> 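Before we start, here is the structure in question, set down as structure tokens.
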Amino acid sequence: MTTDFFSDFTMTVDGRAVTSAETIQTVNPATEAFIADVPDASREQLDAAVASAKRAFRSWWQRPLAERQAYVSKIGDAIEAHAEAFKRLLTLEQGKARQGAEWEIGGSIIWCREIAKQSLPAHVSENTPERTVETRNVPLGVIGAITPWNFPVLLAIWKIAPALVAGNTMVLKPSPYTPLCTLKLGEILRDVLPPGVLNVVSGGNDLGAWITAHPDISKISFTGSTATGRRIMAAASGNLKRITLELGGNDPAIVLPDVDVKETAQKLFWAAFQNSAQFCVAAKRMYIHEAIYDDLAAELVKYARTVKVGDGSQQGVDLGPIQNRMQFDKLRELLADAKASGAKFLLGGEIKAERGYFVPVTIVDNPAEDSRVVVEEAFGPVLPLLKFNDVEDVIERANQTEYGLAASVWGKDIDAAQAIAERIEAGTVWINEIHTFSPHVTFGGHKQSGMGIENALDGLAEYTNLQTIVTNRAPQPAA
Ligand code: NAD
């Protein structure tokens, strides 16, 4: 099948293309130009997708594990075969620059192939001639997967690959802001997977709520904001759905006085601004020791001036626009608040773009600890630099948040950095590097950054129930 990646966006239900009476418009965030209409699924269409996934589940989970693993690996092959088209479409709908699109599509291929190697061994707790007790992982059924707009392909793959390897089937809903790559993924996989194993439906937030409340869905795997995560947790209680929630963060970076200022400034820039800071694990509050604060701030600004912001499809652009008008308006309001409360901008702070959702790289000089630019997850390129001079104080401030997604510590004295890392309340703490993910390393938030784990065998296990089979082989007394 040859797929036109830039038109004819259809949902995938029971292995077939489905359109809908209602549609949603998609827009290129760099130009605000219309891209395409996509289906806005009705409740009946969702029911059909869930029914298809439920039917497919019966045979899918009875297939040998090696077969399911091979299918998931083939998803990686299918993405690879269309990699260039995916990268271009991803930049068009999401806005990210070429290098970001390469990272996301390349990562999606790797994830499929690596998760396809994973399995959960049964645990035998008793094994005698008379009796065995064996605990094994069994799939849950139909998974409802709901994804956000910052990494639409990779975050969908983080759900599809383990769910399918574990023996589940899926109904996947992308964000209404970035449905295009996900719909095309569903389309190319019609030739790869048995019908019903992966259904892709598009629609607005209502569709997400219907998925969450659907009685035939056994689990919700969600990546998005903490506010939506709370709603999902409440709505999922109807049939006691399992839930994995990967939510927001306000990650601190702690920079100790012994770092090499120039070299670290560059790493810290990308720690904060990668993907135009629309990154759940972006460094969102940067605590810098006062001994190096001025030098590091100056280096950060100097490096930031060399970074090109623009339309991600243009060569030489490093950072694209904000993905959508809603987030753009939120950032505009956040900047206005910072300005009104007397914040000092070392760089940026003023939105000038006439077309496209462009927010300049903005660095705020030591704002008050309780100001909105520090307390809130900006989810855009607005970074507060904060001074500290005492380790106890900075640990306290770093942990002073409802979030607990990730953090980073930067310093030459590894023991000192580790001692700090161990006291940070977050699911991942990087020391002298950041944003290194792996299909074999757990990822998940503490506190209100989420619930449960993605990736690694712990992530795979979240798509299963444990089942214990107790077998008594002792001779039965004659009747
Ligand atoms: P969002 O919560 O607004 O939307 C995410 C998805 O949920 C979308 O598909 C949306 O349509 C759907 N949705 C909205 N309301 C719903 C409801 N009531 N029931 C079910 N589904 C519903 O989040 P967003 O703005 O798309 O993404 C940004 C947020 O995601 C940020 O807070 C960011 O930190 C977080 N995020 C977290 C991770 C992580 O792994 N922890 C990764 C990426 C993004």
Side-chain angles (χ1 to χ4, degrees), residues 24 26 29 38 40-41 46 93-94 96 104 107 144-159 171-179 181-183 200-214 217 219-238 241 243-251 274-284 322-331 376-380 401-407 426-428 435 437 441-455 459:
I24 296 176
T26 55
V38 302
D40 185 3
L46 172 65
E93 70 168 332
Q94 205 285 334
K96 65 184 65 194
E104 179 163 355
I146 303 175
T147 51
W149 43 260
N150 55 348
F151 295 93
V153 183
L154 186 61
L155 295 178
I157 292 295
W158 280 23
K159 302 181 188 314
V171 176
L172 166 65
K173 186 199 92 67
S175 165
Y177 294 118
T178 52
C181 282
T182 314
L183 290 169
V200 181
V201 290
S202 50
N205 296 346
D206 284 352
L207 178 61
W210 299 338
I211 291 173
T212 311
H214 202 289
I217 290 181
K219 175 191 170 95
I220 299 293
S221 179
F222 170 77
T223 303
S225 64
T226 295
T228 308
R230 286 195 196 99
R231 279 183 217 117
I232 286 181
M233 196 167 170
S237 68
K241 283 185 183 65
I243 48 174
T244 298
L245 304 175
E246 296 290 355
L247 308 177
N250 195 2
D251 296 3
Q274 193 64 260
N275 209 41
S276 298
Q278 302 163 106
F279 202 175
C280 53
V281 290
K284 291 177 183 141
I322 295 306
Q323 198 282 322
N324 57 69
R325 160 76 58 189
M326 177 274 299
Q327 190 65 25
F328 179 70
D329 288 342
K330 267 195 200 172
L331 286 160
E376 291 181 16
E377 179 190 39
F379 219 64
T401 168
E402 65 182 22
Y403 295 112
L405 192 56
T428 303
H435 304 158
F437 294 96
V441 176
T442 59
F443 176 67
H446 292 188
K447 294 155 77 176
Q448 293 186 44
S449 285
M451 184 165 287
I453 290 294
E454 291 198 291
N455 300 330

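One-based numbering, in listed order, for ligands and for the atoms of each. Because only heavy atoms are used, hydrogens play no part in the values below, and waters and symmetry mates are left out as well, while side chains stay in. Nothing here was measured: the structure is a model prediction, and the numbers come from that model.
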> Is there a nitrogen or oxygen of Thr226 sitting under 3.5 Å from a nitrogen or oxygen of ligand 1?
no

> Less than 3.5 Å between some nitrogen or oxygen of Glu454 and one of ligand 1, yes or no?
no

> Of all residues at least two apart in sequence or in a different chain, which pass the side-chain contact (heavy atoms from CB on, under 4.5 Å) check with Asn324?
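Result, side-chain contact (heavy atoms from CB on, under 4.5 Å) vs Asn324: Trp149, Tyr177, Met326, Gln327.
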
> Quick one: look at Ala227 and ligand 1, take heavy-atom pairs under 4.0 Å, and tell me if it's side chain, backbone, both or neither.
neither

> So for Gly450, does at least one of its heavy atoms come nearer than 4.0 angstrom to any atom of ligand 1?
no

> For atom 37 (C) of ligand 1, which protein heavy atom lies nearest, and how many Å away is it?
Leu247 O, 2.9 Å

> One pair to check against side-chain hydrogen bond (donor to acceptor under 3.5 Å, both in side chains): Thr244 and Lys219. What are the steps and the verdict?
CA-CA 8 Å; Thr244 298; Lys219 175 191 170 95; 2.5 Å; yes

> In terms of relative ring orientation, are Phe279 and His435 parallel, tilted or perpendicular, with 30° and 60° separating the classes?
tilted

> Quick one: does Ile220 get a heavy atom under 4.0 Å from ligand 1?
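So Ile220 does not count as touching ligand 1.
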
> With atoms numbered from 1 as shown, which atoms in ligand 1 lie under 4.0 angstrom from a non-hydrogen atom of Pro174?
9 (O)

> What heavy-atom pair brings Val200 and Thr182 nearest, and what distance separates the two atoms?
CG1-O, 3.8 Å

> Any nitrogen or oxygen of Phe379, main chain or side chain, under 3.5 Å from a nitrogen or oxygen of ligand 1?
no

> Distance under 4.0 Å to a non-hydrogen atom of Leu405: what atoms of ligand 1 satisfy this?
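With Leu405 as reference, the close atoms of ligand 1 come out as 41 (N).
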
> Can you tell which part of Leu207 has a heavy atom less than 4.0 Å from ligand 1: side chain, backbone, both or neither?
neither

> How long is the gap from CD1 on Ile146 to CD1 on Ile211, to the nearest 0.5 Å?
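The distance works out to 5.0 Å.
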
> So which protein heavy atom does atom 25 (O) of ligand 1 come closest to, and at what separation?
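In this structure, atom 25 (O) of ligand 1 has Trp149 NE1, 2.9 Å as its nearest protein heavy atom.
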
> Using a strict 4.0 Å threshold on nitrogen-to-oxygen distance, state whether Glu377 and Lys284 make a salt bridge.
yes

> Test of understanding: with side chain to side chain donor-acceptor pair (under 3.5 Å), list the residues that count as partners of Glu376, not counting sequence neighbours.
Arg372

> Taking only non-hydrogen atoms of Ala209, do any sit less than 4.0 angstrom from ligand 1?
yes

> Looking only at distances, please establish whether an N/O atom of ligand 1 is found under 3.5 Å from an N/O atom of Thr228.
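Yes; at least one N/O pair falls below 3.5 Å.
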
> If hydrogens are left out, which of Ala213, Ala236, Cys280, Gly203 has an atom nearest to atom 38 (C) of ligand 1, that is, the closest non-hydrogen atom?
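Looking at heavy atoms only, the winner is Cys280.
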
> Quick check on contacts: which atoms of ligand 1 are under 4.0 angstrom from a heavy atom of Pro176?
11 (O)

> Heavy-atom contacts with Ile232 under 4.0 Å: which atoms of ligand 1 show up? List them by number with element.
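The atoms of ligand 1 under 4.0 Å from a heavy atom of Ile232 are 19 (N), 20 (C).
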
> Relative to ligand 1, is Leu155 under 4.0 angstrom through side chain, backbone, both or neither, heavy atoms considered?
side chain

> What I want to know is whether Asn205 and ligand 1 share at least one N or O pair that is separated by under 3.5 angstrom.
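Yes, since at least one N or O of Asn205 sits under 3.5 Å from an N or O of ligand 1.
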
> For ligand 1, note which part of Glu377 has a heavy atom under 4.0 Å away: side chain, backbone, both or neither.
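The side chain, only.
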
> Among all protein heavy atoms in this structure, tell me which lies nearest to atom 35 (C) of ligand 1, with the distance rounded to 0.1 Å.
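Here the nearest protein heavy atom works out to Gly224 O, 3.1 Å.
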
> Taking a cutoff of less than 4.0 Å between a non-hydrogen atom of the residue and any ligand atom, is Ala235 in contact with ligand 1?
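Not so, Ala235 does not reach ligand 1.
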
> Rounded at 0.5 Å granularity, tell me how far CZ in Arg230 sits from OG in Ser225.
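Those atoms lie 9.0 Å apart.
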
> Where is the nearest protein heavy atom to atom 23 (O) of ligand 1: which residue, which atom, and how far?
Ser225 N, 3.3 Å

> Please indicate whether Lys330 has more than 12 foreign heavy atoms, meaning atoms of other residues, nucleotides or ligands, lying under 6.0 Å from its NZ.
no

> So if I count the atoms of ligand 1 from 1 in the order they appear, which ones are less than 4.0 Å from some heavy atom of Asn150?
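It comes down to these atoms of ligand 1: 43 (C), 44 (C).
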
> Determine whether the side chain, the backbone, both or neither of Phe443 has a heavy atom under 4.0 Å from any heavy atom of ligand 1.
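Side chain only; the backbone of Phe443 stays clear of ligand 1.
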
> Looking only at N/O atoms, are Thr147 and ligand 1 under 3.5 Å apart anywhere?
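Among all N and O atoms of Thr147, at least one is under 3.5 Å from an N or O of ligand 1.
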
> Would the distance check show the side chain of Lys447 and the main-chain N or O of Thr401 forming a donor-acceptor pair, the cut-off being under 3.5 Å?
yes

> Using a 4.0 Å cutoff against the non-hydrogen atoms of Thr212, which atoms of ligand 1 qualify?
19 (N), 20 (C)

> Report yes if Arg231 has an N/O atom closer than 3.5 Å to an N/O atom of ligand 1; otherwise report no.
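In fact, backbone or side chain, Arg231 has no N or O that close.
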
> Using a 4.0 Å heavy-atom cut-off, say whether Phe222 meets ligand 1 through its side chain, its backbone, both or neither.
side chain

